[in-house]
Amino acid sequence: MVHQVSSPYINKTIKKSISVLSFVLFIFCVSDLISDPGKELNQGAQYAALWCSLWLVVGPQLAFRWHLKWGEFHDFLTSFSLQEPELSVFNSVEVKLTRFRLLIVSLPVLLIVAAFRFGYDFFASSLGLGDSSQTKFWIIPLVLGALVAGWGVWCAVRSLVVSLAVSKHVGDFAPFAGVVSSTSKKLSDFCFGVAFIFGIGATVVLPVFFVGVFQTTGLVRLIICALIVLVVGVTVALLAFPAFAISRQVEGERQLYLDQLSIEIEHLVTDLRSGDHNSDVAVWNTNVTMRLNALLEIRKHVMVHMASDSALKMVRRIPFVLIGPIGSSVAAWLALVFG
């Protein structure tokens, strides 16, 4: 009973603490960027940095939103879809992936620290912050933002790996239902939800990354390009990879169904051609012919639906989740060129 009461309380306290700290650092970043209007600035870079500062407020909320979606999806799997030994395989994948959690979470932090260390001139000159101790304090909100981003990458990777594992156990193939597989539909909706969350985060952080590419050189530009590839790649992968896995799994289930149907059709054709029977020929031929025609119609129906609706829907949703990141990046580029 103590654990049941204290655990939600602790989680709520941690959530509030992170939100308050993020908001305080967000106020610092905004006030530092817009202070001293007389200094020389790159307006495009400053606007991008102001927009990216929203990540300190938006990022934690997106992470909390992911945990809600993950809980709903996990409850669905354990209560309806997966059974033993499939559930054991699912849990095994999670345990193995957890070993890499620290590495995944720390990767964006290391990249941001390196970018700040080798690209300090971008903050001092392009953003007009100057070479001061206050500018050096920016490492704190950057690290916190990168830590939240790293947790977001971990959530995305966890969602992707688990989704691929679940897609291998989609066994509720129903060719005559409105949805070929209820599990694949639920999986598709979950992947889209996670990709949409990640896309919102990408919409916030990508503008300053693209500005940094044009405003920096050498190692710093390479690091920023790596961050762009990481953000865009994970966003697309959250839909593309599970879509391929679902399509492949459903196609395998469909092929097994068609193979069994073909065996029965071949038996009927053989019997019809042999005429080896003990009943009335006309009646027997009529019954076999009707059954054969019915099976051929069933086969035609299954053949028409050669692609998984859930997989196709996921592929169609990829441009939708990229509209925000692409739009904000183009806006940042335009502000940089014409600002």
Between [X] and [Y], what is the shortest heavy-atom contact and its length?
| X | Y | value |
| --- | --- | --- |
| S159 | C155 | OG-O, 2.7 Å |
| A156 | L238 | O-CD2, 3.4 Å |
| L25 | F137 | CD2-CE2, 4.4 Å |
| P141 | L56 | O-CD2, 3.5 Å |
| P325 | A202 | CG-CB, 3.7 Å |
| A237 | L160 | O-CD1, 3.4 Å |

Exercise. Any sub-3.5 Å donor-acceptor pair from W55's side-chain atoms to G145's backbone N or O?
Worked result: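 Yes.
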For this session: Hey, could you give me each pair passing side-chain hydrogen bond (donor to acceptor under 3.5 Å, both in side chains) that has a residue in residues 97-116? Not counting sequence neighbours.
Result: none
For this session: Scan for side-chain hydrogen bond (donor to acceptor under 3.5 Å, both in side chains) pairs involving residues 189-203, sequence neighbours excluded, and state none if there are none.
Result: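 As it turns out, the side-chain hydrogen bond (donor to acceptor under 3.5 Å, both in side chains) pairs with a partner in residues 189-203, which skip direct neighbours, are K185-D189.
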[X]: partners by side-chain contact (heavy atoms from CB on, under 4.5 Å), with sequence neighbours left out:
| X | answer |
| --- | --- |
| V220 | F118, T216, I224 |
| F100 | I104 |
| V321 | F192, A195, T235, L239 |
| I323 | F320 |

Nearest-0.5 Å distance that lies between atom [atom1] in [X] and atom [atom2] in [Y]:
| X | Y | atom1 | atom2 | value |
| --- | --- | --- | --- | --- |
| N293 | L268 | CG | CG | 10.0 Å |
| I265 | Q260 | CD1 | CD | 12.0 Å |
| L230 | F209 | CG | CZ | 9.0 Å |
| I223 | L111 | CD1 | CG | 6.5 Å |
| I298 | L258 | CD1 | CG | 11.0 Å |

Quick one, [X] and [Y] - any side-chain contact, counting heavy atoms below 4.5 Å?
| X | Y | value |
| --- | --- | --- |
| K69 | I197 | yes |
| C191 | R317 | no |
| V153 | L107 | no |
| S328 | V204 | no |

Exercise. Who passes side-chain hydrogen bond (donor to acceptor under 3.5 Å, both in side chains) against H267, sequence neighbours left out?
Worked result: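 Per chain and number, H267 pairs via side-chain hydrogen bond (donor to acceptor under 3.5 Å, both in side chains) with no residue.
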For this session: Tell me, please, which residues at least two apart from E72 pass side-chain hydrogen bond (donor to acceptor under 3.5 Å, both in side chains).
Result: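 If we apply the side-chain hydrogen bond (donor to acceptor under 3.5 Å, both in side chains) test to E72, skipping adjacent residues, there are no hits.
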Under a 4.5 Å side-chain heavy-atom rule over Ile, Leu, Val, Met, Phe, Trp and Tyr, are [X] and [Y] clustered together?
| X | Y | value |
| --- | --- | --- |
| L54 | V24 | no |
| L222 | L110 | no |
| W151 | L102 | no |
| F244 | V232 | no |
| L219 | I112 | yes |

For this session: Could you note down all residue pairs passing salt bridge (charged side-chain N to carboxylate O under 4.0 Å, His left out) where residues 144-159 supplies at least one of them, sequence neighbours left out?
Result: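 Output for this query lists E94-R158.
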For this session: Quick one: which residue pairs count as a salt bridge (charged side-chain N to carboxylate O under 4.0 Å, His left out) with a foot in residues 257-269, not counting sequence neighbours?
Result: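 The answer is E264-R291.
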Seminar exercise, completed: With sequence neighbours left out, the residues meeting ring-ring contact (aromatic ring centres under 6.0 Å, His included) with F116 are Y120, F123
Problem set entry | All ring-ring contact (aromatic ring centres under 6.0 Å, His included) counterparts of W66, not counting sequence neighbours |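 Checked W66 against ring-ring contact (aromatic ring centres under 6.0 Å, His included); matches are W70.
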For this session: May I have the step-by-step check of side-chain contact (heavy atoms from CB on, under 4.5 Å) for S22 and V57, ending in yes or no?
Result: CA-CA 6 Å; S22 299; V57 179; 5.5 Å; no
Exercise. Would you say F64 has more than 12 foreign heavy atoms packed within less than 6.0 Å of its CZ?
Worked result: yes
For this session: Look at atom CH2 of W51 and say whether more than 12 heavy atoms of other residues, nucleotides or ligands are closer to it than 6.0 Å.
Result: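 Not buried by this count: 12 neighbours or fewer within 6.0 Å.
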Problem set entry | Step-by-step side-chain contact (heavy atoms from CB on, under 4.5 Å) determination, L187 to F73 | CA-CA 8 Å; L187 181 60; F73 184 63; 3.5 Å; yes
For this session: Go through V105 and L147 one step at a time and tell me if the side-chain contact (heavy atoms from CB on, under 4.5 Å) criterion holds.
Result: CA-CA 7 Å; V105 173; L147 190 61; 3.9 Å; yes
